Trainee: 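Got a structure here, written out as structure tokens. Questions coming.
Chain identifiers are assigned alphabetically (A, B, ...) following the order of the sequence lines, protein sequences preceding nucleic acid strands; residue numbering begins at 1 within each chain. None of the values given here were measured: they were computed from a predicted structure.
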Amino acid sequence: DTEVTQTPKHLVMGMTNKKSLKCEQHMGHRAMYWYKQKAKKPPELMFVYSYEKLSINESVPSRFSPECPNSSLLNLHLHALQPEDSALYLCASSQGQGASSTEAFFGQGTRLTVV
Amino acid sequence: AQSVTQLDSQVPVFEEAPVELRCNYSSSVSVYLFWYVQYPNQGLQLLLKYLSGSTLVKGINGFEAEFNKSQTSFHLRKPSVHISDTAEYFCAVIKMDTGRRALTFGSGTRLQVQP
């Protein structure tokens, strides 16, 4: 199983809503990532979890709150988003962050629209 | 400072013709280099990667890339493209001088294969 599963695939939310994006992998990977991708742009790193601990936060606004409940799950909690936060949110995982474990597997993404 | 530069935003090519997608990186330290492909409304899939060793790397779907340290390049090639290769291609790098073992992507190249 080399799959990273993201739910939901599509999400429309208002600026006052609270929602969560979910990501799951069963490859035994110990590093998990959230990327944000705007239309016609490359993915931009938001957060990295390594062994369930937040290791990188790329100065993301606090209206985005990541959570890693266990080694297989990664959540992204959303609150009070702005229309400019509309994007494709990609989750990825890799074995770790060492030299031999650099291949990242990506999920299909959640297409988020903030209205 | 831009770590990865993809010089061509779009590359139109006829079916069965060869193609080269260019990627240059900037780094004074060792890097790992990757090419990912993204089909419309999909996540990213790894085509190939260079970690060390042979500078010619073969990947999936008939793609290959050559690491050139002196020219700081990692161009992607395919001798004969198919319609199904139409997609967005991202070059990415991991710099080994920091603990930031996460992918940094180039701006992407849209490969448009025409019949």
Trainee: Less than 4.5 Å to any heavy atom of chain B: does that hold for the side chain of Q37(A), its backbone, both, or neither?
Mentor: side chain

Trainee: Do other residues, nucleotides or ligands put more than 12 heavy atoms under 6.0 Å from the CD atom of Q10(B)?
Mentor: no

Trainee: Tell me the closest heavy-atom pair linking P42(A) and F90(B), and the distance in Å.
Mentor: CA-CE2, 3.4 Å

Trainee: Quick one: what part of L44(B) sits under 4.5 Å from any heavy atom of chain A, side chain, backbone, both or neither?
Mentor: both

Trainee: Check the surroundings of atom CD in E44(A): do more than 12 heavy atoms from other residues, nucleotides or ligands lie under 6.0 Å from it?
Mentor: no

Trainee: Side-chain heavy atoms under 4.5 angstrom apart, residues restricted to Ile, Leu, Val, Met, Phe, Trp, Tyr: same cluster for V19(B) and I60(B)?
Mentor: yes

Trainee: Output the distance between atom NE2 (H10(A)) and atom CG (N41(B)), rounded to the nearest 0.5 Å.
Mentor: 7.0 Å

Trainee: Would you kindly confirm whether L73(A) and F105(A) end up in one hydrophobic cluster when ILVMFWY residues are joined by side chain heavy atoms under 4.5 Å apart?
Mentor: no

Trainee: Identify the heavy atoms of G43(B) and L90(A) that sit nearest to each other, and give their distance.
Mentor: CA-CD2, 3.9 Å

Trainee: Given 3.5 Å as the limit, does a donor-acceptor pair link the side chain of Y33(A) with the main chain of L103(B), or not?
Mentor: no

Trainee: Does any backbone or side-chain atom of Q38(B) lie under 4.5 Å from a heavy atom of chain A? Answer side chain, backbone, both or neither.
Mentor: side chain

Trainee: Count I, L, V, M, F, W, Y as connected when their side-chain heavy atoms are under 4.5 Å apart, and connections chain through other members. Are M15(A) and V60(A) then in the same cluster?
Mentor: yes

Trainee: Could you tell me whether K38(A) atom NZ has more than 12 heavy atoms of other residues or ligands within 6.0 Å of it?
Mentor: yes

